[in-house]
Amino acid sequence: MQLVTRDQLGWPSSAAPDQATTLGVKVHYEGTPVSTDLQADHSQCVQEVKDIRESHLANRQENYSDIAYNYLACVHGVLFEGRGIGKRTGANGNQDLNRAHYAICGLVGSDGLTEPTPELLSAIRDGIDLLQANGAGGEIRGHRDGYATDCPGEPLYRWVQAGAPRPGSTSTPQPSEPPADHPARYQVTINGLQYGNGAHGDHVTAVGQALVSQGFGSHYQVGPSPDWSDADTLNYRDFQLSLGYQGQDADGVPGESSLRQLLGYLPGGVPAFPGRQWFQPGAHNDYVAQLGRQLVARGYGQHYRVGAGPDWGEADRANVADFQRAQGWSGSDADGYPGPETWRRLWS
Ligand SMILES: [Zn+2]
Ligand SMILES: [Zn+2]
């Protein structure tokens, strides 16, 4: 393990609250574009980690006492000590989630440097092992498990779903196309609703009915039900294959875009408006990213250059203003800052 301590980063001991035990560890990524320059120059990784801490300390909305993660890992296999052992994370979305799991961030992002290297996965694994030797439970999850966010991105999330195996280890299989007789058995949360083995609800029935109506019901013995079973997974897999999805993308567990194509809309209704305070200059949070993705989905993303992200910017404001003007609003009603009515209409 190549560990860089807080001391070596020049940081004081963490002022974050103590947290002796958790259910496990959640894996994160940066959520923003990350420069590929990091790959060529490890000193830029060190600077990136320092910048993340600075931005967290400057974030008034979250009122962080320290960098939010317990550890961070770079593509060169170096593990950086964030809050470290025995400290509650600030990264999982809310205090209940922060108490439940520690947090490790892989230094890859939504654009640019997006693919974790084997060295990065090894370093995250080092951090997981370290935390599990010091009070963390056995669960390994992604930030998106239980919270509405893309984090930790598809490549890292697939690795998490595979059990976060140490690269090169032969005992744990690498993620690969699941054979039809071993259906994938994990859940995803899309728009606040669970899908995948064991998920339950009317929305599960709705997926089954849509599959049947489009000719993908061959694995049902009794037909769609509110309980997601292997038959749902196998039917959904047939649907994904018909869309041209391959490998892990066709494992029978829905993603947002295949679900939208199947149903023609995304179930889950209007998410609760989180409050105006999350959408202001300098804001950095998942609500901003959620808003941005919905703007893009509704065709109001023209001011984004690299896509929606968690940092509130002029592009977000301009896109929201476009949407507001399209409602026939003007003046302060179309100032580009979302309120409850803008939010409701965006999801309606
Ligand atoms: Zn995250
Ligand atoms: Zn590095």
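All residue numbers in this chain count up from 1 along the given sequence. Order of listing sets the numbers, starting from 1, for every ligand and every atom in it.
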- Atom nearest to the Zn ion (ligand 2) - H76, N, O or S atoms considered: ND1
- Message: Looking only at N, O or S atoms, which one in H143 sits nearest to the Zn ion (ligand 1)?
- Response: ND1
- Indicate yes or no: does R317 engage D335 in a salt bridge with an N to O separation below 4.0 Å. no
- Message: Whether R298 engages the ring of F323 as a cation-pi pair (distance to the six-membered ring centre under 6.0 angstrom, angle to the ring normal within 45°) should be assessed.
- Response: no
- Task: Among the N/O/S atoms of H28, select the one at the shortest distance from the Zn ion (ligand 1) and name it.
- Result: ND1
- Message: Check this for me, if you would: do D251 and R158 make a salt bridge, where the nitrogen-to-carboxylate-oxygen distance has to be below 4.0 angstrom?
- Response: no
- Can you tell me the N, O or S atom of H42 that's nearest the Zn ion (ligand 2)? ND1
- Check the angle between the aromatic planes of H143 and H28 and answer parallel, tilted or perpendicular using the 30° and 60° thresholds. tilted
